[in-house]
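Right, one structure below, let's go through it.
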Amino acid sequence: MAPVHTTKKTENDQATSNLVHINNPHLEKMKEDILYHFDIGTGTHDFPAMFGDVKFVCVGGSPSRMKAFAQYINGELALGDPNSDIPNICAGTDRYAMYKVGPVLSISHGMGIPSISIMLHELIKLLYHSKCTNVTIIRIGTSGGIGLEPGSVVITSQSVDASFRPQFEQIILGKTVVRNTELDSELAQELSQCSKEINEFNTVIGNTMCTLDFYEGQARLDGAFCSYTEEEKMQYLKAAYDAGVRNIEMESSVFAAMCNISGLQAAVVCVTLLNRLEGDQITSSHEVLVDYQQRPQKLVGFFIKKHLSKD
């Protein structure tokens with residue numbers, strides 16, 4: 001029998017594998033890389049000095065929510081007053097907001113696949129230029145639940161499209177490119193364990209359906225246009241549930257695909273604002289919705305604090 005040869009990883013190999021990966025030879029030919037939508041660039045900012053210590057990146061749709069998360073982390077990590085103001089690194093633009101608290105970066109991504117895709121391209125390049133290693137990135141947000149009580153938190157196992165396929169399709173140079181949308185299972189389990197330790201709200205691991213819009217793409221009956229019956233809507237949502245879908249949002253597919261390509265350990269943690277099997281409109285009070293929206297922040301904050309305490 002021929003001997004089996006194994007290759008032992010050197011420290012340099014391990015360090016390289018923990019880096020953020022890009023796949024664009026053109027970047028190496030550029031004298032300066034301008035991250036236009038962040039209003040920062042390698043020619044005007046010292047990326048390693050500004051961001052080299054980043055280990056956790058948390059992204060969410062709303063600028064105000066991501067500022068609130070940065071302030072919350074500031075208090076949780078005992079780095080400062082949670083009520084103190086934190087400067088917006090992207091203050092020169094109104095596209096995105098970015099806040100840094102110790103090793104944690106908190107960034108808004110807007111709504112939908114195009115907006116988060118633009119942000120992720122520039123974020124991944126930022127982490128690459130900053131020579132960051134061992135980075136974990138987590139999307140925190142809101143969603144519509146399927147078969148879950150409002151206020152439940154869903155940790156995504158894989159993102160599926162509107163046909164329940166675990167893939168992200170993109171047209172590049174006129175050709176369809178299909179990318180994998182599975183997320184890190186160990187990270188999902190670790191976040192689930194953190195929720196059990198918090199023991200304040202229901203948390204499940206399940207598939208997340210990522211759609212291209214909020215109304216027809218999510219089988220709502222309350223949009224400006226609707227060409228299907230309530231019965232057809234319910235059949236579709238029940239089919240989604242049977243396919244393992246537990247919530248619906250509009251960013252997870254491209255998020256998972258891009259994080260996979262760049263070698264980033266990634267998770268999606270979203271609270272459900274309603275059970276779509278019982279209706280389409282969000283009717284909870286403002287106070288209740290604020291409490292719901294803080295649940296992903298609390299879970300991810302607990303996870304970050306727990307990790308940093310090990311170091």
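Residue numbers count from 1 along this sequence.
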* Take I113 and C210 through the test side chain to side chain contact (heavy atoms under 4.5 Å, CB included) and record every step on the way to the result. => CA-CA 9 Å; I113 288 173; C210 183; 3.9 Å; yes

* **side chain to side chain contact (heavy atoms under 4.5 Å, CB included) assessment of C58 paired with M66** => CA-CA 8 Å; C58 297; M66 298 320 294; 4.2 Å; yes

* To do: Determine, stepwise, if the pair I248 / L237 fulfils side chain to side chain contact (heavy atoms under 4.5 Å, CB included).
  => CA-CA 10 Å; I248 312 172; L237 292 180; 4.1 Å; yes

* Check the pair D291, R295 against salt bridge (Lys or Arg N to Asp or Glu O under 4.0 Å), reporting the backbone distance first and the verdict last. => CA-CA 7 Å; D291 174 65; R295 294 179 180 185; 2.9 Å; yes

* Asked: Would Y215 and C226 satisfy side chain to side chain contact (heavy atoms under 4.5 Å, CB included), going step by step from the backbone distance to the final call?
  -> CA-CA 9 Å; Y215 286 98; C226 183; over 6 Å; no

* To do: Output, in order, the C-alpha distance, side-chain angles, deciding distance and verdict of ring pair (Phe, Tyr, Trp, His ring centres under 6.0 Å) for F255 and F168.
  => CA-CA 9 Å; F255 175 84; F168 171 66; over 10 Å; no

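Proximity of S262 to L127: side-chain heavy atoms (C-beta onward) are nowhere separated by under 4.5 Å. Using a 4.5 Å cut-off on side-chain heavy atoms (C-beta onward), L273 and S284 make no contact. Side-chain contact between L277 and I146 is present, with at least one heavy-atom pair separated by less than 4.5 Å. Contact check for M50 versus K100: no side-chain heavy atoms found under the 4.5 Å cut-off. In this structure the side chain of L221 reaches within 4.5 angstrom of the side chain of K233, judged on heavy atoms. Counting heavy atoms from C-beta outward, F69 and V300 have side chains that approach closer than 4.5 Å. With contacts defined as side-chain heavy-atom distances shorter than 4.5 Å, the pair S106/V101 does not qualify. The closest side-chain heavy-atom distance from K67 to N88 is not below 4.5 Å.
By the rule that hydrophobic residues join a cluster once side-chain heavy atoms approach within less than 4.5 Å of another member, I118 and M111 end up as members of separate clusters. A single hydrophobic cluster is seen to contain both I107 and L120, as judged by linkage of ILVMFWY side chains at heavy-atom distances under 4.5 Å, directly or through other members. By the rule that hydrophobic residues join a cluster once side-chain heavy atoms approach within less than 4.5 Å of another member, I155 and F201 end up as members of one cluster. A chain of hydrophobic side-chain contacts below 4.5 Å, direct or via other Ile, Leu, Val, Met, Phe, Trp or Tyr residues, connects I124 to V54. Using a 4.5 Å cut-off between side-chain heavy atoms of Ile, Leu, Val, Met, Phe, Trp and Tyr, with links allowed through other members, F38 and I34 fall into different hydrophobic clusters.
Rounding to the nearest 0.5 angstrom, the gap separating the CG atom in L35 from the CG atom in L126 is 6.0 Å. Separating the CD atom in Q265 from the CZ atom in F56 is a distance of 9.0 Å, to the nearest 0.5 Å. Here CG of D39 is found 10.0 Å from CD of E122. Values are rounded to the nearest 0.5 Å. We find the CG-CG distance between L19 and L264 to be 11.0 Å, quoted to the nearest 0.5 Å.
Remark: the backbone N or O of Y241 is paired with a side-chain donor or acceptor of R246 at under 3.5 angstrom. At distances below 3.5 Å, at least one donor-acceptor pair connects side-chain atoms of S143 with backbone N or O atoms of V271. Between the side chain of S62 and the backbone N or O of R65, at least one donor-acceptor pair lies under 3.5 Å. Side chain of Y96 to main chain of S115: a donor-acceptor pair is present (N/O by atom type, distance under 3.5 Å, no hydrogens or angles). In terms of modelled atom types and a separation under 3.5 Å, the side chain of R220 and the main chain of D280 share a donor-acceptor contact. Panel note: side chain T203, backbone S192; no donor-acceptor pair is recorded below 3.5 Å.
Each of V104, L123, I138, T136 was scored for a side chain to side chain contact (heavy atoms under 4.5 Å, CB included) with V57, with one residue passing: L123. Among the candidates H37, H109, M119, the single residue satisfying the side chain to side chain contact (heavy atoms under 4.5 Å, CB included) test with R95 is H37.
Heavy-atom minimum distance, R179 versus I172: NH2-CD1, 4.0 Å. The shortest non-hydrogen separation linking N260 to N180 is ND2-O, 3.2 Å. A pairwise comparison of heavy atoms in S195 and L299 identifies N-CD1, 3.5 Å as the closest pair. What you find for K306 and C194 is that their closest heavy atoms are CD-SG, 4.1 Å. Minimum interatomic distance between D53 and P103 (heavy atoms only, all atoms of both residues): O-CB, 3.5 Å. A pairwise comparison of heavy atoms in N207 and S157 identifies OD1-OG, 2.9 Å as the closest pair.
Using cut-offs of 30° and 60° for the angle between ring planes, the F47 and F51 rings count as perpendicular. Taking the six-membered ring where tryptophan is involved, the planes of F303 and H307 are tilted, since the angle between them lies from 30° to 60°.
The neighbour count for F302 CZ, taken as heavy atoms of other residues, nucleotides or ligands under 6.0 Å away, is above 12. In D81, the CG atom is crowded: over 12 heavy atoms of neighbouring residues, nucleotides or ligands sit closer than 6.0 Å. Counting heavy-atom neighbours within 6.0 Å of L27 CG, excluding the residue itself, gives a total above 12. Around the CD atom of Q281, the shell of radius 6.0 Å holds no more than 12 heavy atoms that belong to other residues, nucleotides or ligands.
Side-chain polar atoms of T211 and Q218 form a donor-acceptor pair below 3.5 angstrom. Between T133 and K55, the side chains place a donor N or O and an acceptor N or O closer than 3.5 Å (distance only, hydrogens not considered).
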